[in-house]
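If you're wondering where the values come from, they're calculated on a predicted model, not measured in any experiment.
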Amino acid sequence: MKTEAILFAGVAGFFLVTDVLYALWSKDPAGTAALTVAFLMALLVSFVFATNYRRKGLRPEDRKEGEVHERAGPVDFFPPHSAWPVLIATGAAVVALGTVFGLWLFLIGVGVVLAGLCGMVFQFSRPPL
């Protein structure tokens with residue numbers, strides 16, 4: 001993960017330099033905002049990779065003497081089924097409709113999205129019944 005962290009840090013640096021030069025020369029707020037968001041997203045990905053590397057160390061594919069069998073076994077936990085993504089998608093659709101039909105519908109959609117998001121986050125935080 002160290003290589004990926006360095007790679008995305010370089011991408012973030014490129015967007016930072018481009019953003020500063022663009023802001024100074026163009027005076028265009030939309031392009032400056034887009035480049036700032038691109039910089040922040042690349043920086044976030046770099047931070048996640050660097051944090052993962054500090055916590056877990058080198059992966060087998062990062063080492064020259066790494067073997068294929070070291071990566072065998074369960075990859076991660078994947079939930080078998082969940083209704084929460086459907087609720088989030090429904091809420092997102094209501095939010096989109098709310099931008100057209102009014103603030104009241106938008107706020108209902110935000111509530112539905114937040115309920116679905118909380119449900120998805122805390123779905124496995126308690127033991128099964």
- Result for side-chain contact (heavy atoms from CB on, under 4.5 Å) between Glu67 and one of Arg63, Glu65, Glu70 points to Glu70
What about [X] and [Y], same hydrophobic cluster or not, with Ile/Leu/Val/Met/Phe/Trp/Tyr joined at side-chain heavy-atom distances under 4.5 Å?
{"X": "Ile88", "Y": "Val112", "answer": "yes"}
{"X": "Leu114", "Y": "Val95", "answer": "yes"}
{"X": "Trp84", "Y": "Val113", "answer": "no"}
{"X": "Val100", "Y": "Leu105", "answer": "yes"}

- Indicate yes or no: at least one non-hydrogen side-chain atom of Lys2 is less than 4.5 angstrom from one of Asp62. no
- Considering only heavy atoms from C-beta outward, does the side chain of Thr36 approach that of Asp19 to under 4.5 Å? yes
Distance-minimising heavy-atom pair for [X] and [Y]:
{"X": "Ser46", "Y": "Ala5", "value": "OG-O, 2.9 Å"}
{"X": "Leu43", "Y": "Ala12", "value": "N-CB, 3.8 Å"}
{"X": "Trp104", "Y": "Phe101", "value": "NE1-O, 3.8 Å"}

Gap separating the [atom1] atom of [X] from the [atom2] atom of [Y], nearest 0.5 angstrom:
{"X": "Phe15", "Y": "Phe8", "atom1": "CZ", "atom2": "CZ", "answer": "10.0 Å"}
{"X": "Phe39", "Y": "Thr32", "atom1": "CZ", "atom2": "OG1", "answer": "14.0 Å"}
{"X": "Leu35", "Y": "Leu40", "atom1": "CG", "atom2": "CG", "answer": "11.0 Å"}
{"X": "Leu44", "Y": "Phe49", "atom1": "CG", "atom2": "CZ", "answer": "10.5 Å"}
{"X": "Ser82", "Y": "Gln123", "atom1": "OG", "atom2": "CD", "answer": "3.5 Å"}

- Using the side-chain contact (heavy atoms from CB on, under 4.5 Å) rule, take Thr18 and Phe14 through it: C-alpha gap first, then chi angles, then the decisive distance, then the call. CA-CA 6 Å; Thr18 306; Phe14 167 77; 3.5 Å; yes
- Query: Quick one: does Ser26's side chain have a donor or acceptor within less than 3.5 Å of a partner on Ala23's backbone?
  - Reply: no
- Check the pair Tyr53, Leu58 against side-chain contact (heavy atoms from CB on, under 4.5 Å), reporting the backbone distance first and the verdict last. CA-CA 7 Å; Tyr53 171 70; Leu58 286 174; 3.7 Å; yes
